[in-house]
Number of protein chains: 2
Amino acid sequence: MTREVVLAARPQGAPQESDFAFRRVVERDPGAGEVLVRNVFVSVDPYMRSRMSGIRTYVGPYEVGDPIDGGAVGRVVVSNDAGFAEGDWVLSGLGWREGGIAEAKHLRKLDPALAPPSTALGVLGMPGLTAWVGLVDIGAVKEGDVLYVSGAAGAVGSTAAQIGKLKGLRVIGSAGSPEKTGWLRSLGIEAFDYRETPAKEALADGIDVYFDNVGGPQLEAALYALRPFGRVVACGAISRYNDERPEPGPRNLGLIVTKRLRVQGFIVVDHGDRYPAFIAEVGPWVRDGKIAYRETIVDGLEQLPSAFAGLFRGDNVGKMLVRVGSD
Amino acid sequence: MTREVVLAARPQGAPQESDFAFRRVVERDPGAGEVLVRNVFVSVDPYMRSRMSGIRTYVGPYEVGDPIDGGAVGRVVVSNDAGFAEGDWVLSGLGWREGGIAEAKHLRKLDPALAPPSTALGVLGMPGLTAWVGLVDIGAVKEGDVLYVSGAAGAVGSTAAQIGKLKGLRVIGSAGSPEKTGWLRSLGIEAFDYRETPAKEALADGIDVYFDNVGGPQLEAALYALRPFGRVVACGAISRYNDERPEPGPRNLGLIVTKRLRVQGFIVVDHGDRYPAFIAEVGPWVRDGKIAYRETIVDGLEQLPSAFAGLFRGDNVGKMLVRVGSD
């Protein structure tokens, strides 16, 4: 018997714990080419909110009664595939559950000597790839650029800000608490607390690239601050995922024309082919301690709904994970 | 003595005739390398509105008391340059005046056998280049795409729509009168009157590229209609140039992320190097009658202010010109 979390109701506005339910399932034995995995770390991600709304975007929606699929890191219990052995660390899509059966081809084996396995869900996983693709392929950053990152203490934002520094950019980041801005400053990022300082003021010197992790009002300030031929890397909109009726957009979109700006949305799943290049550049930086990362680890499968809700309250610093089993 | 139009006051909202004044100036004789030109056609363009507001964008603002520089087509009266002879048709930047002196290097000689000289201000001039660069370089259109053009009866819009057709696209265009939509239909464009039909309805089948000539509310409809990886060619915002306090932007900018859209602004003056390629492709289409164009020609220098104001009321079909002298 393993426990899993299912969607009990589509969230209205901010997700509530009552939108989820727990279920016990009896696992069958793994078949040929299948692997039984015991989850250790489970990922909670902002993009899951859209799937809960029943909106078909780049991945299908979660249906009510469905388990919440998503990234998870765990260990092999039984392997019917030659590529995996008992005890191996693996990345899977098994999501919000204690474990389960996966096809071997859907697992990636992790090397715990390179970096702690949990990083496969963070700085060396989807959030890290998002940061790198956003800067390199979408933002086309170049040495000397001034980069502004909103949500800069988050998993994607903090990686983007540090990659920016390592690539010779001047980096300004915003976050929502003195603790977060303090951490960012310790990394060499010019950080400001958007609850205290208007972004328009903090960006008064001008910027070349805006890495937008939050959506909403900061885009207006960034459009004012962007220099001619500036780029907006439209990565996410965590401030808006819970909106039943989104706020109107900025009044200054006309600046896109007069400043010849490029605003480009992207989703990391389209850029999986960039994973090797990402690991080749960012892997050594993480191994050598040149990129810091933080994880907010909440203990216990039963905490998954509240950890997820906490994402939208800014409870996390860095990557938010839930530990559902021992190492 | 030649007459010219000067900015008398910065327009507040829609331009008024009282924002302009007429002045008589005594021309000096042209010096070495200079040419005296008598204007025949003078261009009135939406971008001039921004310059009148004193905003420094991609060209400097007009100052109060300044003549209104801009595109003009005329004939050489006296030439002190070996490249030009009396009677030659030339394109100049002499703007809203009966004529004046220009350096030869700032003139382009026109071949009246290829196309009527007034087209150098329209379909084969800046508006035509804008349409072509917008589709080819910014919109990256490809055969089979569905293209939506707002302001489709205007100088830029009608050229963009027809180039789209010639390149094998399905083209939908909007305009603001039955006369304009009728003309567009006669060109094979699927036209709708945005005053009668909501854009969201007209675009319900989906689009790949939105060529935005108007700004404002139609962007929201286009964002809903755009397919994944769609592009917005942000060309102009005539609906907003007169706004003292612009309206808020669309509520659905989050779709830029989920659909991986690219919204890119551009200004034709950055793309002057594309002029030869543009003429090579579009020149023959115009010569052979494959691209239709219309001109709204208003007679008399004294009509320049009201013709300009008329641009923002949609008085023009196609390129708006003022004839300030005989051929």
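A, B, ... follow the sequence lines: proteins, then strands. Residue 1 opens every chain.
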dist B/L219:CG -> A/I256:CD1 (nearest 0.5 Å) comes out at 7.5 Å
Name each donor-acceptor pair under 3.5 Å that joins a side chain in residues 121-131 of chain B to protein atoms two or more places apart or in another chain, with its distance.
| from | atom 1 | to | atom 2 | distance (Å) |
| --- | --- | --- | --- | --- |
| B/T130 | OG1 | B/M126 | O | 2.6 |

What one should report as the nearest heavy-atom pair of B/P248 and A/P248 is CB-CB, 3.4 Å
To the nearest 0.5 Å, atom CZ of A/F229 lies from atom CD1 of B/I267 at 7.5 Å
Heavy-atom nearest pair, B/P250 first then A/L253, reads CD-CD1, 3.4 Å
A/F192 meets the ring pair (Phe, Tyr, Trp, His ring centres under 6.0 Å) criterion, sequence neighbours left out, with A/Y148
